[in-house]
Structures are given as structure tokens and as C-alpha cells.
Amino acid sequence: MTRRAAITGFPVAHSRSPLIHGYWLKHHGIDGTYDRVAVEPATAETFYRAFAKSGLVGCNVTVPHKEVAAACCDELDDAARAMGAANTLWLDDSGRLMGANTDGLGFLGNLDQQAPGWDARTKSALVLGAGGAARAIVWALASRGVEKVLIANRTLSKAQDLADRFAPVAKAVSWDYLADILGRTDLLVNTTSLGMEGQPPLDLDLSPLPVEALVTDIVYAPLVTPLLQAARDRGHPTVDGLGMLLHQAVPGFERWFGVRPEVDDALRSLVLADLGVSP
């Protein structure tokens, strides 16, 4: 029997998840499909509460439904519970709706693959931004044992709200003091949209940052953001954001289709080509 999974949210036409999962289905010769299912906000709660009737064995959840999907689940993993948001759903053997948040795992998987041993060298991390992606990344860094995670956001109150979720590891800091903070940072993470195609660049002077500090950006269009280019020009090790997208998809595929896939060069090249970027 063909096993069906999908990306759900609104809108979903832009999602590259079908490309990723379609590659793995073909690579492993699995009788399965992965489609796009647009779920309008007004019907989202009804859809997820009746998920067992959808004909899907599981799904990914994209904006704006991650919070409502989590609220509809019978059980959540630690990450989804901590974040109040789920991006990966599946039905267990009893038909209960299970939820996970794999964004943080995707972030860690990307760093592990592209900068092996980064965590052994990281005692202090600085996260720029305080949205949903920042929430996942702060959780991930705390779970990996990073001693201090500082969160800077233009609106300090948002950074404080996020830091409160993960205290005492996390602490909110003022954007005005970034120059001083950068001088004591082992890992710099940009989770804002600044630097994305169509957005203004992230205006940040990296000169105080220790040259051995790792710099990563969750933006993957463009693949090399102005922040990453500036870091490379200064000699910093860097990690682009594409791997986070690819690695966050791994746990869901394994749940739905019974095989743990790998993020390999062929998949990365396929997605880069779809983005119109040369590998």
C-alpha cells in the first residue's frame, strides 16, 4: 500500500519539502508519495484534529500552523513541548496524533555535518532574532550543552520573552551592546530575515568577533548571505542555512517511511539547482 505524507500549511506552493522527500523516496525505492496540502487558517484546527481521516500517515507543518498543530496533538516530544510548536506529525499504532519539532535537530545536524566538533569549541553563543526559528535554535544549543546562549533582538522585550523560556542558560541582551558581546562569542547565529533575497542586509560589524568563532545564517536564498561573505572575508569558519532545511526533514521521513535517509551531496545539489544556485 502506498504511504502518503505531505507538507501542510498556508501557503505551501513555495515549499521545497516535496523535492527533498521525493528524492529520498526514489533513492530508496519506497512506495510512497509526498505532496503539498494547503490548509487555510480557518480550517487548520479541524484538519489536524481529524488528521486520522486525512489518508496521510504523517505530515510536515509550516507557517502559520505550527502552534495550532501542536495543540491538536495527543502527545509531543520534548522539543515541541518546549517550543509550543510542532513541524512534524505522525499517527502511532493506536491512531493517536504525535508531534515533534525537528527544526532544532536540523540546525544541529547541519553544524555537525559542516563544522564537525563545533560544540566542543562553543561555550558562548549569540543568537540574532527572537522568532520561531530562534526559539528552535536556542532549544537546540541548550540541549547540546552550550553554557551561555545570548539572544539579541531589535525589540528587547521579545528577546526577553524567549530567554525566559530557556533560563538560566539563555539571556536577553540589548542590540546596542553587540560590539562588546561579539568579543566573547564562540558561535554567531543569524535567525533574522535580514540578508535574505529582497530584504536589507544585516548591518553588523564583525571586527570584535574572535577569528576562530563560527558564523552561521539560517537564510539559504542567497546561499552565501552578506553576513557569511563578511565572515569569510575575515577568515571565520562559516556554515550556510541550506543544511538546516535538509536535516530537519530526516526524522519525519524515517517516521513515515521506515528508513532513515542521509543528507548527501546529490540532494544538496538538487535543491541548489531548484534555487538557481550553483553548487
Side-chain angles (χ1 to χ4, degrees), residues 1-22 25 32-107 129-140 143 153 155 157-158 160-162 164-166 191-193 218 244-245 247-258:
M1 179 184 296
T2 300
R3 297 176 68 81
R4 296 179 56 231
I7 177 71
T8 64
F10 194 82
V12 291
H14 67 286
S15 174
R16 291 180 171 84
S17 291
L19 186 66
I20 297 167
H21 291 282
L25 286 168
T33 64
Y34 186 98
D35 304 305
R36 295 179 176 90
V37 175
V39 179
E40 295 190 11
T43 64
E45 183 174 356
T46 300
F47 174 81
Y48 293 114
R49 290 205 181 280
F51 189 80
K53 300 177 182 179
S54 69
L56 302 171
V57 296
C59 72
N60 285 124
V61 184
T62 189
V63 293
H65 298 337
K66 293 183 180 183
E67 287 80 10
V68 68
C72 293
C73 288
D74 297 302
E75 188 174 322
L76 298 172
D77 74 351
D78 290 343
R81 194 177 307 112
M83 292 177 231
N87 74 335
T88 303
L89 308 183
W90 69 96
L91 296 168
D92 72 1
D93 293 339
S94 302
R96 296 190 309 154
L97 185 61
M98 315 296 283
N101 194 306
T102 66
D103 286 333
L105 295 177
F107 174 78
R135 192 187 311 176
I137 286 167
V138 173
W139 172 87
S143 71
N153 192 65
T155 305
S157 60
K158 290 185 178 180
Q160 189 61 60
D161 289 344
L162 177 53
D164 289 345
R165 279 179 171 264
F166 298 100
T191 75
T192 75
S193 61
I218 70 165
M244 180 175 172
L245 172 70
H247 282 278
Q248 63 81 29
V250 169
F253 188 92
E254 183 178 20
R255 286 283 186 186
W256 309 321
F257 301 113

So how far is it from Met83 CE to Leu162 CG, rounded to the nearest 0.5 Å? 10.5 Å
Between Ala100 and Trp90, the two heavy atoms sitting closest are CB-CZ3, 3.7 Å
For Glu254, give me all partners under side chain to side chain contact (heavy atoms under 4.5 Å, CB included), at least two apart in sequence or on another chain. Arg260
Check side-chain hydrogen bond (donor to acceptor under 3.5 Å, both in side chains) between Arg255 and all other residues, then give those that pass, not counting sequence neighbours. none
Results of side chain to side chain contact (heavy atoms under 4.5 Å, CB included) for Asp92 - residues two or more places apart only: Ser94, Arg96, Met98
Please list, chain by chain and in numerical order, all residues satisfying side-chain hydrogen bond (donor to acceptor under 3.5 Å, both in side chains) with Asp164, sequence neighbours excluded. Gln160
Please name the pair of heavy atoms, one in Val68 and one in Ala44, separated by the smallest distance, quoted to 0.1 Å. CG1-CB, 4.0 Å
Taking only residues two or more places apart in sequence or in another chain, which ones pass side-chain hydrogen bond (donor to acceptor under 3.5 Å, both in side chains) with Asp103? Lys66, Asn87
Closest non-hydrogen atom pair, Pro41 against Pro64: CG-CG, 4.3 Å
Please identify each residue that fulfils ring-ring contact (aromatic ring centres under 6.0 Å, His included) with Phe10, with sequence neighbours left out. none
Rounded to the nearest 0.5 Å, what's the gap from CD1 on Ile7 to CG on Leu19? Could you check? 13.0 Å
For a quick test of reading the model, state the closest non-hydrogen atom pair linking Ala52 to Leu91 and the distance between them. CA-CD1, 3.9 Å
Atom pair SG (Cys73) and CG (Leu89), whose distance is rounded to the nearest 0.5 Å: 4.5 Å
Write down the atom of Thr191, the atom of Ala134, and the distance for their closest heavy-atom approach. OG1-CB, 3.5 Å
Any Phe47 side-chain heavy atom under 4.5 Å of Glu40 side chain: no
Looking at CZ of Arg4 and OG1 of Thr33, how far apart are the two atoms once the value is rounded to the nearest 0.5 Å? 5.5 Å
Output yes when a side-chain donor or acceptor of Asn101 lies under 3.5 Å from a complementary backbone atom of Ala79, and no otherwise. no
Salt bridge (charged side-chain N to carboxylate O under 4.0 Å, His left out) partners of Asp78, counting only residues at least two apart: Arg81
For His65, give me all partners under ring-ring contact (aromatic ring centres under 6.0 Å, His included), at least two apart in sequence or on another chain. none
Leu245: what forms a side chain to side chain contact (heavy atoms under 4.5 Å, CB included) with it, not counting sequence neighbours? Ile20, Tyr220, Leu242, Gln248
What are the two closest non-hydrogen atoms of Gly129 and Asn153, and how far apart are they? CA-OD1, 3.5 Å
Can you sort out the partners of Ser15 under side-chain hydrogen bond (donor to acceptor under 3.5 Å, both in side chains), two or more places apart, ordered by chain and number? Ser17
Just to verify, what does Ala70 make a side chain to side chain contact (heavy atoms under 4.5 Å, CB included) with, not counting sequence neighbours? Leu76, Ala86
Could you name each residue pair satisfying side-chain hydrogen bond (donor to acceptor under 3.5 Å, both in side chains) that touches residues 42-58, not counting sequence neighbours? Thr8-Tyr48, Glu45-Arg49
Short question: side chain of Arg3, backbone of Trp256 - any donor-acceptor pair under 3.5 Å? yes
